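Worksheet: one structure, shown below.
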Amino acid sequence: MPELPEVETVRTGLEQAWVGQRIDRVILRRKDLRFPFPSGMADNLTGQTVVGVRRRAKYLLVDLSNGQVFLSHLGMSGRYTLITPDEVARLNPNRLGVRQSVYGELTGFDGRHDHMEFRFSDGSVSVYTDPRRFGIADLFERAEEPIHALLEHLGPEPFEDWNATIAAERMRGKRSAIKITLLDQRFVVGVGNIYACEALHRSGISPTTPSNTLVRKNGKPTKKLERLVEEVKAVLEAAIAVGGSTLNDFAAVDGTLGYFGHHFQVYDREDGPCLKEGCNGTIERIVQSNRSTFLCPRCQK
DNA sequence: CAGTCCTCCTGTCGGC
DNA sequence: TGCCGACAGGAGGACT
């Protein structure tokens, strides 16, 4: 779920639900996710009002009234579920176990992976569920944000400071495959395995193309690279648009990918027909850096 | 430094 | 049905 479009979809939902709310209580059902929670995180969050929800790369940044920032990364399997006061009352939160929430029927897995629970002043509850625990939660002063270890080395946001010229500058002399470069968050942020495959397919570029061959000798982007940068933005935009349309019934902010799945042209379509107009190729799966890449060898050169 | 692997963790799915 | 291996949307860190 969590590439840029999914994180942006979650951001919008959290913004609508959280901004203006005071956090009355935070329950942490374990001491860590991928990294240990910072000491006192639950206490420091308690009593704060949410003043904004931002996104940087695939990180959610929640601004609090005391000048602190709550950072949340969804990893591979993290999701937030928003629970209304009515549902909260029906599920009787005071019966709760230490390692298991009472919200299992809403969050899945019998509540066994509901690691963080946020209770708000309007009576609603938000639950963070993450079976694989590759997610991250952190809390720090806003002044520290530019030097935060997880944020410091991030590359440009695709819609803000990124274009073919900048891409070419960062790819000069890079011999690794273009698919690997797209996944490198120092090159551009927000692109993950699905949208890297999709953007390369839309662009007609083979995922194994050495990155530097998309840059001219004078350092300018080739036509192919210009196309690729356009298609990265286009596919991310299209996915955000579809995610956004599901936001009206945002009661369950589950990051399930179902909504964009219908639009995949190559991802997870091994042995299926290439859907590009006029191409009769067959989708193949290869492995790059231990991760699956899907491509049409006929129209991606 | 760049590039390549491995790793964290749990759930799910397909093949036998 | 059960068991077992492969694989899953991320990305830091340890290697060569």
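Note on naming: letters A, B, ... go to the chains in the order of the sequence lines (proteins, then strands), and numbering restarts at 1 for each one. Keep in mind the model is a prediction, meaning the values are calculated, not measured.
Rounded to whole Å, the separation between the P atoms of C/dG5 and B/dT7 comes to 16 Å. Across B/dC5 and C/dC7, the matching P atoms stand 15 Å from one another, rounded to whole Å. C/dA11 sits 22 Å from B/dG11 when the P atoms are compared, rounded to a whole Å.
Remark: A/Glu15 engages A/Arg11 in a salt bridge, criterion side-chain N to carboxylate O under 4.0 Å. Ion pairing between a basic and an acidic side chain is recognised when a charged N comes within 4.0 Å of a carboxylate O; A/Glu226 and A/Lys220 show no such pairing. One finds no salt bridge joining A/Lys233 and A/Glu231 here, because no Lys/Arg side-chain nitrogen approaches an Asp/Glu carboxylate oxygen to under 4.0 Å. A/Glu230 has no carboxylate O lying under 4.0 Å from a charged side-chain N of A/Arg227, or vice versa, which leaves the two without a salt bridge. We find that A/Arg29 and A/Asp114 are not joined by a salt bridge, their nearest charged nitrogen and carboxylate oxygen being 4.0 Å or further apart. In this structure, A/Arg132 does not pair ionically with A/Asp130, as no charged nitrogen and carboxylate oxygen lie closer than 4.0 Å. A salt bridge is absent between A/Arg79 and A/Glu6; no separation between the charged side-chain nitrogens and carboxylate oxygens falls under 4.0 Å.
Under the stacking criterion of a centre-to-centre distance below 5.5 angstrom and an interplanar angle below 30°, A/Phe134 sits stacked against the six-membered ring of C/dG10.
Comparing B/dC8, C/dA11, B/dT4 by their closest approach to the side chain of A/Ser176 singles out B/dT4.
Between the OH atom of A/Tyr267 and the P atom of C/dC7 there is a distance of 12 Å, rounded to whole Å. One atom, CZ of A/Arg172, and another, P of B/dA2, lie 15 Å apart when rounded to the nearest Å. In this entry the distance linking CZ of A/Phe35 with P of C/dG12 reads 7 Å, nearest Å. Between the CD atom of A/Glu270 and the C1' atom of C/dC7 there is a distance of 12 Å, rounded to whole Å. Rounded to whole Å, the distance from CZ on A/Arg112 to C1' on B/dG11 is 9 Å. Note: CG (A/Leu60) to P (C/dG10) measures 14 Å, nearest angstrom. Across the protein-nucleic acid pair, A/Asn193 atom CG and C/dC7 atom P stand 13 Å apart, rounded to whole Å. As rounded to whole Å, 7 Å separates atom P of B/dG11 from atom CZ of A/Phe109.
For A/Phe70 and A/Trp18, the distance between ring centers is not under 6.0 angstrom.
Distances shorter than 4.0 Å separate none of the side-chain N or O atoms of A/Arg291 from OP1 or OP2 on B/dC5. For the pair A/Arg132 and C/dG10, the criterion of a side-chain N or O lying under 4.0 Å from OP1 or OP2 is not met. A/His113 has a side-chain polar atom (N or O) that falls below the 4.0 Å cut-off from OP1 or OP2 of B/dG11. Taking only side-chain nitrogens and oxygens, A/Arg34 never comes nearer than 4.0 Å to OP1 or OP2 of C/dA11. Contact annotation: A/Lys174 side-chain N/O to B/dA2 OP1/OP2 distance is not under 4.0 Å. The phosphate of C/dA8 (OP1 or OP2) has a side-chain N or O of A/Ser292 nearer than 4.0 angstrom. Contact check, A/His73 against C/dA11: a side-chain N or O comes under 4.0 Å of OP1 or OP2. Taking 4.0 angstrom as the limit, A/Asn290 places none of its side-chain polar atoms (N or O) nearer than this to OP1 or OP2 of B/dT4.
When A/Asn193, A/Thr293, A/Thr208 are each tested for a side-chain hydrogen bond (donor to acceptor under 3.5 Å, both in side chains) with A/Gln288, only one passes: A/Thr293.
If you check distances only, the side chain of A/Arg175 never reaches the base of B/dA2 with a donor-acceptor pair under 3.5 Å.
Residue A/Ser289 is classed as having no contact, given no heavy-atom separation below 4.0 Å to the nucleic acid. Among the heavy atoms of the strands, none lies under 4.0 Å from A/Arg186.
Remark: DNA chain C takes part in the stems B:2-8 with C:10-16, B:10-16 with C:2-8, each of 3 or more antiparallel Watson-Crick or G-U pairs, criterion distances under 3.5 Å.
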